[in-house]
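Right, one structure below, let's go through it.
Naming: A, B, ... by sequence-line order, numbering from 1 per chain. What you see is a predicted model, and the numbers here were worked out from it, not measured in a lab.
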Amino acid sequence: MIEPKTLSGFRDILPSLALVKEDMLYEVKKVFRKFGFAPIETPHLEYTEILLGKGSDEIQKQLYRFKDNGNRDVTLRFDHTVPLARFVVQHKNELGLPFKRYAVGNVFRGESPQSGRYREFTQCDFDFIGTYSITADAEIVQVIFHSLKTLQINDFTIYLNNRKIMNGLAEKINASDKVGDILRTVDKINKIGSEQVQKLLISEVGLSQEATEEVMRFIVISQRETQGNFFEFIANYKNYNATMKEGIEELEFLYKILEKSGIDSRNYTIDFSIARGLGYYTGIVYETTLDKLPKIGAVASGGRFDNLTKSFSNDNLPGVGASIGIDRLIAALEQLEIIKSRNTPAKVLIANVDNNYIADSYVLANTLRDANIAVEVYPEVTKLNKQFAFADKKGHQYLVVFGENEATKGEFVLANLQTGDKTPAKSISDLY
RNA sequence: GAGAUUGUAGCUCAGUCGGUUAGAGCGCUGGUUUGUGGAUCCAGAGGUCGCGGGUUCGAGCCCCGUCUUCCUCCCCA
């Protein structure tokens, strides 16, 4: 016998979770479409050189890379963004720019698995390609907002920052070459605290005491902690240099749009400590956390990457996009007890008590299906208590009994499994 | 990749100093009720103690290897 097992970091998803996940993806995709994002699909497997174009050393170590049967060097995709870069360059002329797309699918990373971190997981990406306009950034923020709202999540914060501000800061302290290290260190502030960040900036990044203090002074700036008009408060920093000025003005413009876009001002705020580790971001970045579960990490994040297609084409295409971490959201919703558990998509189970009337059961079932109600018929005649228990376990909301007694009376028994009510019903409309 | 940690029934876990036939709760199956569920009661099934090797008269327990779990670093969703 072969022992049934899955690879480390890979998992099966059972109906109770898969139903929730599919429902959530459906809702989120509806939001994407409402904003005009079109679905695309790209292969799970790509030539390694395509994926490595943008990859750092860290990412290389995490690749699922191998030789295929034709001895080609191939790699499983580790995100949707790099394949997107190849895709838009290859199909630019057919797409029409600017181009808005979403992609939902699994990606693979060979890192060591931990709770909530798998080697195969689902990413929901949506990106706006081919425009430098900050209105595109604003649209991405709105999509994040409406995606979470449609999933019944209300207590979340989209933190906003701009890479250009961080670059401008690095310029100011003459550490432009270290901006990546600074970002990665600053990014840990919520995890290890500001004192540790300060220590690391000196010992690991190699900043001077003075430069470190400047960085620390800067990254604690957040709109929520600021009294009065935030943009007036930070206006002075525009004098640092052109990069800083541009970064702040972009945020100002973004803010102006968001204020009038109808999204709740409690759900977004500017915070200079938001760094985003990923190297390819060049402008405004976002990171969304759940107010009640900050520890679960970012559930939706992204930003602007204006050099996306540089390695595939001479005429560069800018882009801005974000990704919703659907697996993490599911974990969050479970903890917040927003998810109600069930193991079947069917709302109604028609019990089978007598094979002589099974045909009538199917007529009833199909009538319900025509009314868009998911229904299944129990396949064999067994004791009714077994069929009740089955419906209970699976999570059907109603059980219908239709047999000889009902046929002669011209009605059927309708049991509401949640309330316990069992009533004779004459019409299927009682189920609506 | 480095360090720490875990592995016994479908699940959660006991298992004494190395000692004879490895336990519990939940779940599962059947009955109690040959057409009426959820926390009744009764019974039952289910384990090469992760895998391989070693020490020993004897290993779930000790040693080595390996896989796996989980955590930290790293990186990220």
Side-chain angles (χ1 to χ4, degrees), chain A residues 1 3-11 14 55-63 78-81 104-125 144 180-181 183-185 187-188 191-192 196 200 204 275-281 286-290 296-302 321-332 349 351-357 378 381-408 412-424:
Chain A
M1 271 212 295
E3 187 191 346
K5 59 181 176 184
T6 52
L7 287 162
S8 173
F10 293 79
R11 60 175 176 162
L14 274 63
S56 62
D57 293 348
E58 287 299 333
I59 283 179
Q60 284 203 36
K61 279 193 285 183
Q62 300 184 355
L63 294 181
F78 58 88
D79 73 3
H80 289 302
T81 309
V104 174
N106 288 3
V107 298
F108 302 82
R109 292 182 196 175
E111 65 177 342
S112 67
Q114 282 174 40
S115 72
R117 293 169 64 165
Y118 300 93
R119 288 179 170 171
E120 178 183 13
F121 60 96
T122 307
Q123 278 199 326
C124 305
D125 264 43
I144 293 175
D181 291 335
L183 285 170
R184 243 171 288 124
T185 309
D187 203 30
K188 295 175 189 164
K191 216 168 172 183
I192 62 174
Q196 283 299 318
L200 286 176
E204 299 296 318
R276 306 294 309 137
L278 245 58
Y280 52 64
Y281 291 122
Y286 336 96
E287 186 162 301
T288 309
T289 54
L290 303 177
I296 208 160
V299 294
S301 46
S323 181
I324 293 178
I326 204 78
D327 294 307
R328 272 189 189 172
L329 270 181
I330 291 171
L349 177 72
N352 190 347
V353 290
D354 187 340
N355 271 335
N356 289 321
Y357 296 95
Y378 200 81
V381 178
T382 61
K383 289 184 183 178
L384 252 190
N385 64 355
K386 273 191 71 171
Q387 300 189 47
F388 266 94
F390 174 81
D392 246 350
K393 185 178 175 181
K394 291 282 175 146
H396 297 90
Q397 290 169 49
Y398 295 97
L399 183 142
V400 167
V401 183
F402 187 83
E404 190 177 0
N405 301 348
E406 289 74 20
T408 51
F412 54 84
V413 172
L414 174 63
N416 183 325
L417 294 169
Q418 277 144 21
T419 63
D421 295 341
K422 286 169 193 150
T423 50

If you only use heavy atoms from C-beta on, which nucleotide in [options] is closest to the side chain of [X]?
| X | options | answer |
| --- | --- | --- |
| Lys422(A) | G37(B), G35(B), A77(B) | G37(B) |
| Arg109(A) | G35(B), U36(B), C76(B) | C76(B) |
| Ser8(A) | G37(B), U69(B), G35(B) | U69(B) |
| Leu417(A) | G30(B), G35(B), G37(B) | G37(B) |
| Lys383(A) | G37(B), U34(B), A77(B) | U34(B) |

Spacing of [X] atom [atom1] relative to [N] atom [atom2], expressed in whole Å:
| X | N | atom1 | atom2 | value |
| --- | --- | --- | --- | --- |
| Leu200(A) | C74(B) | CG | C1' | 13 Å |
| Leu414(A) | G35(B) | CG | P | 21 Å |
| Lys386(A) | G31(B) | NZ | P | 7 Å |
| Leu329(A) | C76(B) | CG | P | 19 Å |
| Leu384(A) | G37(B) | CG | P | 9 Å |
| Lys393(A) | C11(B) | NZ | C1' | 12 Å |
| Asp421(A) | U36(B) | CG | C1' | 14 Å |
| Tyr378(A) | U36(B) | OH | P | 16 Å |

If each of Thr419(A) and Gly403(A) is mapped to the nucleotide of RNA chain B with the nearest heavy atom, which maps nearer the 5' terminus, i.e. the 5' end? Gly403(A)
Both Val401(A) and Phe10(A) contact RNA chain B. Taking the nearest nucleotide for each, which residue is further toward the 5' end? Val401(A)
Taking the [atom1] atom of each, how far is [N] from [M], in whole Å?
| N | M | atom1 | answer |
| --- | --- | --- | --- |
| C61(B) | C17(B) | P | 15 Å |
| A45(B) | G10(B) | P | 15 Å |
| A14(B) | C73(B) | P | 27 Å |
| U40(B) | A4(B) | P | 48 Å |
| G38(B) | U33(B) | P | 14 Å |
| C63(B) | U56(B) | C1' | 12 Å |
| G37(B) | G31(B) | P | 14 Å |

When you look for runs of 3 or more Watson-Crick or G-U pairs in a row, both distances below 3.5 Å, which of them include RNA chain B? B:1-3 with B:71-73, B:10-13 with B:23-26, B:28-31 with B:41-44, B:50-54 with B:62-66
For the base of C76(B), is there a side-chain donor-acceptor partner from Arg328(A) under 3.5 Å away? yes
Should Asp79(A) and Arg109(A) count as side-chain neighbours, where that means a heavy-atom distance under 4.5 Å? yes
Identify whether any heavy atom of [X] sits under 4.0 Å from a base atom; if not, whether one sits that close to sugar-phosphate; answer base, sugar-phosphate or nothing.
| X | result |
| --- | --- |
| Val413(A) | base |
| Gln418(A) | base |
| Asn352(A) | nothing |
| Glu404(A) | base |
| Asp354(A) | nothing |

Expected rows: protein N/O vs nucleotides 1-5 of chain B N/O, under 3.5 Å:
{"from": "G1(B)", "atom 1": "O6", "to": "Ser112(A)", "atom 2": "OG", "distance (Å)": "3.2"}

Step by step, work out the side-chain contact (heavy atoms from CB on, under 4.5 Å) result for Asn356(A) and Glu404(A). CA-CA 8 Å; Asn356(A) 289 321; Glu404(A) 190 177 0; over 6 Å; no
Would you call the rings of Phe108(A) and Phe10(A) parallel, tilted or perpendicular if under 30° counts as parallel and over 60° as perpendicular? tilted
With stacking defined as ring centroids separated by under 5.5 Å and planes differing by under 30°, is Phe121(A) stacked against A77(B)? yes
Between Phe390(A) and Leu349(A), is a side-chain contact (heavy atoms from CB on, under 4.5 Å) present by the stated rule, with each step listed? CA-CA 9 Å; Phe390(A) 174 81; Leu349(A) 177 72; 3.8 Å; yes
